[in-house]
Amino acid sequence: MDWKTEPELVEVPKPTPEPGQVVVKIGGAGACHSDLHLMHDFDAQMMPWQLPFTLGHENAGWVDSVGAGVTTVTEGDAVAVYGAWGCGTCDRCRIGTENYCENPLAAPVISGGGGLGLDGGMAEYLLVPAERLLVPLPDGLEPATAAPLTDAGLTPYHAIRRSWSKMSPTSTVVVIGVGGLGHLALQLLKATTAARVIAVDNRRDALDLATQMGANHAVMSDAQSADAIRELTGGRGADVLLDFVGAEATIELARSAARSLGDVTIVGIAGGSVPLSFFSQPYEVSIQTTYWGSRTELVELLDLASRGLVHAESTTYALDDAAQAYRDLHDGRVRGRAVVVP
Ligand SMILES: [Zn+2]
Ligand SMILES: [Zn+2]
C-alpha cells in the first residue's frame, strides 16, 4: 500500500485494549470525501503519517472490551467515536476542542485519529486510545445512523454554532454546496435557528434535496448567484455564508454576497484562493476556516439526532464493498452519505 493508490481489503488482527483504551465493535463507518483526497492527492512529503493504516474516521458501534482503569463505558454500550484524537491535556483538549490540539506530538498520531494516520473504522473492530473519545449514543440512535454524523454532521454543526449570534430570525444564511455536509447543514440550521436559508449548488437534484431539507430558496450556482442572493435579501446580502466547497469561485461568491458585519466560513477543502484587500468585501465581514468540531458539540449533535431533528441520508455498503463505496463517492453516485457496515 502506498500514497496515491486505491485502498486494499486485508486481514488485520483484532486489537487488544491496553490500560485506558477501548475496543469498539464497529456498527457503521462513514466514507468521506476527505478520504478521496487522502488517497489521490497526498503523499509522504505532505503527510506526517506512516502507511499502512485502515481508513474510516466517522465511526460508531458498541464497546467490545475495555483496558484496565476504564470506568465510563462498559461492554455492550452503544457509542460514537469522537474522531480528532488530540493529546488530551493541552488547553484546547481540556475543553474538548481536540480538533485544535496544541501539542500534537503528544497525541496518539500527529493531527489525526482513527482512519487518519492510525487504524480507523472500516474494519470489524476499532482500537480507541482513550475513553474520553467515546460519546454514549442517546436512546433511539443506531451506530450506523450516528457514524456519519461524527464528521459530516459535526463539521457543519461547529461552523453553524460559532455564528449563531448572527443567525437571528431576520437574518439570512447561505449554504454553498448541498452534498454530504451541506444537506446536514440545512437541517441543523432549521433545527437550531430561525434564520432564512438559501441553498446554492450547480446540480438540480442537489437543489431539490435542499428544498426538501427546508431551504427557503434554492439558487443555481452560476455567474448570477451573488446577484440572486442580494435580490432575495432586499439588496443587503447574507449575514452568514457557509462554503462547503472551498473553490475559488465559491469563496468569491460567498464574500461578494455577504452583508456588512457578516461571516464567511470556508469549510470545504477544495483549496481555492482569492486575493484579499480592504475593498474586496463589505465592511467588517469576517472570513474564516473551520476544521471538524469539539467533543461537547458531538454530544449536542447526537442529542439533536436522537430527537429526529437531523438525519444523514445514507447508502449502506458491506465491508467487502468498501472500495466500491469510495469509487461511487468519487463518481458522485452516492445519495447522501456512504456508510460501511461490517
Ligand atoms: Zn470525514
Ligand atoms: Zn491537546
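Indexing begins at 1, ligand by ligand and atom by atom, following the structure's order.
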Vertex the Zn ion (ligand 2), ends C93/SG and C90/SG: angle to nearest 10° comes to 110°
Vertex the Zn ion (ligand 2), ends C87/SG and C101/SG: angle to nearest 10° comes to 110°
Main-chain N/O of E313 paired with H183 side-chain donor or acceptor, under 3.5 Å: yes
Only pairs under 3.5 Å count here: list side-chain donor-acceptor contacts from residues 239-246, not counting sequence neighbours, and write none if there are none.
residue, atom, partner, partner atom, Å
D239, OD1, T172, N, 2.9
D239, OD2, R259, NH1, 3.0
D243, OD1, V245, N, 2.8
D243, OD1, G246, N, 2.9
D243, OD1, T250, OG1, 3.2
D243, OD2, G246, N, 3.3
D243, OD2, T250, OG1, 2.8
D243, OD2, I251, N, 3.3

Query raised in the report: Would you say C32 has an N, O or S atom lying under 2.8 Å from the Zn ion (ligand 1)?
Result: yes
Any heavy-atom pair between the side chains of Y82 and N99 that's under 4.5 Å?
yes
L261 meets the side chain to side chain contact (heavy atoms under 4.5 Å, CB included) criterion, sequence neighbours left out, with E284
Is the Zn ion (ligand 1) less than 2.8 Å from at least one N/O/S atom of D151? yes
